[in-house]
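Working notes, beginning with the structure itself.
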Amino acid sequence: MEGIITKSIGGFFFVKTKQKIHKCNIRGKIQKQVYPGDIVKINSEDEIIEEVKDRNNLLMRPKVANVEQVILLHALKNPKIDEKLLDRFILMVESSGLIPIIVFNKVDLVDDLDKIKNNLKTYSNIGYDVFYISAKKHIGLDKLYEKLKNKISVIAGTSGSGKSTLINSIVEDVKLATNKISKKLKKGKHTTRHVELITLPVGGYVADTPGFRKMDIENIASSDLKYYFPEFKKYEGKCKFNTCSHTHEPGCRVKEALKNGLISKKRYNSYQNIYQELQNKEENLYG
Ligand SMILES: Nc1nc2c(ncn2[C@@H]2O[C@H](COP(=O)(O)OP(=O)(O)OP(=O)(O)O)[C@@H](O)[C@H]2O)c(=O)[nH]1
Ligand SMILES: [Mg+2]
Ligand SMILES: [Zn+2]
């Protein structure tokens with residue numbers, strides 16, 4: 001019998017088949033690491049996973065298999081918006097071969113929404129789908145809900161951004177634990193501790209994931225970083241040097257576009273910071 005892993009806790013894998021959710025062990029001979037989203041064959045009498053199907057992809061942070069889309073959820077306030085961190089989340093999704101959908105939550109807490117939207121228009125200019133919502137007050141959810149239909153989606157983002165609240169709002173019959181933002185720190189408290197795939201009433205799954213406060217970039221070569229910034233794409237191969245990293249070389253079309261206001265300064269700064277960070281890592285590795 002075939003099913004999908006919805007979560008794994010304490011060495012058990014919860015496998016959803018057509019009939020029910022099975023709490024399974026895994027055959028010792030299966031060496032492969034398995035994650036929520038993996039399709040498996042189980043022996044339902046012994047409640048054991050016999051086989052793991054080949055997967056289409058594996059999102060690295062958080063680890064979820066066979067993901068079709070990633071919703072990056074960030075709050076406009078409490079915790080306050082951190083565009084540098086958002087750029088790192090975007091990079092993580094792009095490097096997995098997926099295109100993020102960017103969602104800004106807690107519109108009910110801000111009173112200068114137009115100004116904020118104007119500040120954040122870079123992301124829609126790049127070509128990303130951008131939504132402004134209030135998960136708590138049910139504002140702007142319909143269009144987002146449409147996007148989730150019949151797909152395996154992951155909701156990722158900073159801690160306290162409202163991921164679990166959003167899922168509670170769209171799936172009436174699940175109640176995930178959410179938490180009050182610590183008043184002093186105005187930060188989330190890491191309420192969700194594991195990844196869980198939740199079945200949507202309209203078909204499809206959405207994964208609630210634990211939030212991060214920082215995002216280390218791994219498994220990307222500094223020389224590949226430029227390919228994950230979609231706004232650089234149209235200048236690729238047009239700089240004076242073929243191997244141009246768009247950081248210091250003369251005749252760089254990306255830097256020219258930056259000077260002419262065609263590329264966002266903040267995004268370019270994120271690129272430069274991450275590029276430097278990756279270079280430092282590489283120097284430490286290869287000496
Ligand atoms: N005002 C307002 N508060 C919200 C909104 N969405 C979520 N919150 C609050 O923000 C806090 C954190 O929400 P959670 O849903 O637990 O956040 P999370 O992203 O799941 O956090 P982690 O599980 O720690 O990663 C809770 O107190 C929510 O009630 C919103 O749209 N407006
Ligand atoms: Mg949560
Ligand atoms: Zn260049």
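As the structure lists them, so they are numbered: ligands from 1, and atoms in each ligand from 1.
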Exercise. Show your reasoning for whether salt bridge (charged side-chain N to carboxylate O under 4.0 Å, His left out) applies to Asp108 and Lys136.
Key: CA-CA 9 Å; Asp108 57 296; Lys136 197 170 172 178; over 6 Å; no
Practice problem: For atom CD1 of Ile99, decide whether the heavy atoms of other residues, nucleotides or ligands shown that lie under 6.0 angstrom number more than 12. | Solution: no
Quiz prompt | Protein N/O/S atoms closer than 2.8 Å to the Zn ion (ligand 3) | solution = Cys239 SG, Cys244 SG, His246 ND1, Cys252 SG
Quiz item: Got an N/O contact under 3.5 Å between Pro210 and ligand 1?
Solution: no
Quiz prompt | Any side-chain heavy-atom pair of Ile9 and His194 under 4.5 Å | solution = yes
Quiz item: Would you say Ser164 reaches the Mg ion (ligand 2) with an N/O/S atom under 2.8 Å?
Solution: yes
Quiz item: If you measure every N/O of Asp108 against every N/O of ligand 1, is any gap under 3.5 Å?
Solution: yes
Quiz item: Which residue from Leu73, Thr165, Leu109 reaches closest to atom 14 (P) of ligand 1 through any of its heavy atoms?
Solution: Thr165
Practice problem: Say whether Lys163, considering both its backbone and side-chain N or O atoms, lies within less than 3.5 Å of an N or O atom on ligand 1. | Solution: yes
Self-check item: Arg61 and Met215, any side-chain heavy atoms less than 4.5 Å apart
Solution: yes
Quiz item: Between Asp87 and Arg267, is there a salt bridge with N-O shorter than 4.0 Å?
Solution: yes
Self-check item: Ring-ring centroid check Phe232 Tyr227, cutoff 6.0 Å
Solution: no
Quiz prompt | Glu83 bridged to Lys266 by N-O distance under 4.0 Å | solution = yes
Quiz item: So is there a nitrogen or oxygen of Gly162 less than 3.5 Å from a nitrogen or oxygen in ligand 1?
Solution: yes
Quiz item: N/O of Thr209 under 3.5 Å from N/O of ligand 1, yes or no?
Solution: no
Quiz prompt | Atom indices of ligand 1 within 4.0 angstrom of Gly211 heavy atoms, with elements | solution = 25 (O)
Exercise. Under the side chain to side chain donor-acceptor pair (under 3.5 Å) rule, what do Gln272 and Thr247 come out as? Steps first, then yes or no, please.
Key: CA-CA 7 Å; Gln272 263 200 323; Thr247 56; 5.8 Å; no
Quiz item: Quick one: do Glu236 and Lys226 make a salt bridge, cutoff under 4.0 Å?
Solution: yes
Self-check item: Numbering as shown, the atoms of ligand 1 that approach Ser134 to under 4.0 Å (heavy-atom distance)
Solution: 30 (C), 31 (O), 32 (N)
Quiz item: Is the charged tip of Lys117 near the ring of Tyr132: under 6.0 Å from the six-membered ring centre and within 45° of its axis?
Solution: yes
